[in-house]
Amino acid sequence: MQADTWPGNANDGYAEILTRIAEHALAFGKPVLVVQGDSHVYRVDQPLVAGDPVHAIDLAVPNLTRVVVEGATTAEWMKLRVDPHAPALFSWERIRR
């Protein structure tokens, strides 16, 4: 997704989409990966592991991981692997040119 949703503020317009992502990820019950651009500062985290009080999301979503990719000003891309037989479903590698 092309949006800098976390951290945010209560009026940034993302509360509804983040709530839907949280609800669907919890219902799915398996690992969920959100890949974002916008701030373009590489980051890996679990932004909803304890919910999100800023956006009034009371759901803890431990199965959701976010990766923020570097921006267009860097010569880098992310190689993503999805392997249902590996201990970690998702793995990725930052490729620099």
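These numbers were taken from a predicted model, which means no experiment stands behind them.
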Suppose we screen for salt bridge (Lys or Arg N to Asp or Glu O under 4.0 Å). Which residues come up paired with [X], at least two apart in sequence or across chains?
X: Glu76; value: Arg94, Arg96
X: Arg20; value: none
X: Glu16; value: none

Trp92: side chain to side chain contact (heavy atoms under 4.5 Å, CB included) partners, not counting sequence neighbours: Leu33, Tyr42, Val44, Thr65, Val67, Met78, Leu80, Phe90

Non-neighbouring partners of Asp58 that pass side chain to side chain contact (heavy atoms under 4.5 Å, CB included), sequence neighbours left out: none

Pairs satisfying salt bridge (Lys or Arg N to Asp or Glu O under 4.0 Å), at least one member in residues 40-57, at least two apart: Asp45-Arg66

Gln46 (side chain) donor-acceptor with Pro62 (main chain) under 3.5 angstrom: yes

Apart from Leu48 itself, residues in the same hydrophobic cluster as defined by side-chain heavy atoms under 4.5 Å: Met1, Trp6, Tyr14, Ile17, Leu18, Ile21, Leu26, Phe28, Val32, Val34, Ile57, Leu59, Val61, Leu64

Members sharing Val68's hydrophobic cluster (side chains within less than 4.5 Å): none

Qualifying residues under side-chain hydrogen bond (donor to acceptor under 3.5 Å, both in side chains), relative to Thr5, sequence neighbours excluded: Gln36

Over all atoms of both residues, closest heavy-atom pair of Gly37 and Val69: CA-CG2, 4.2 Å

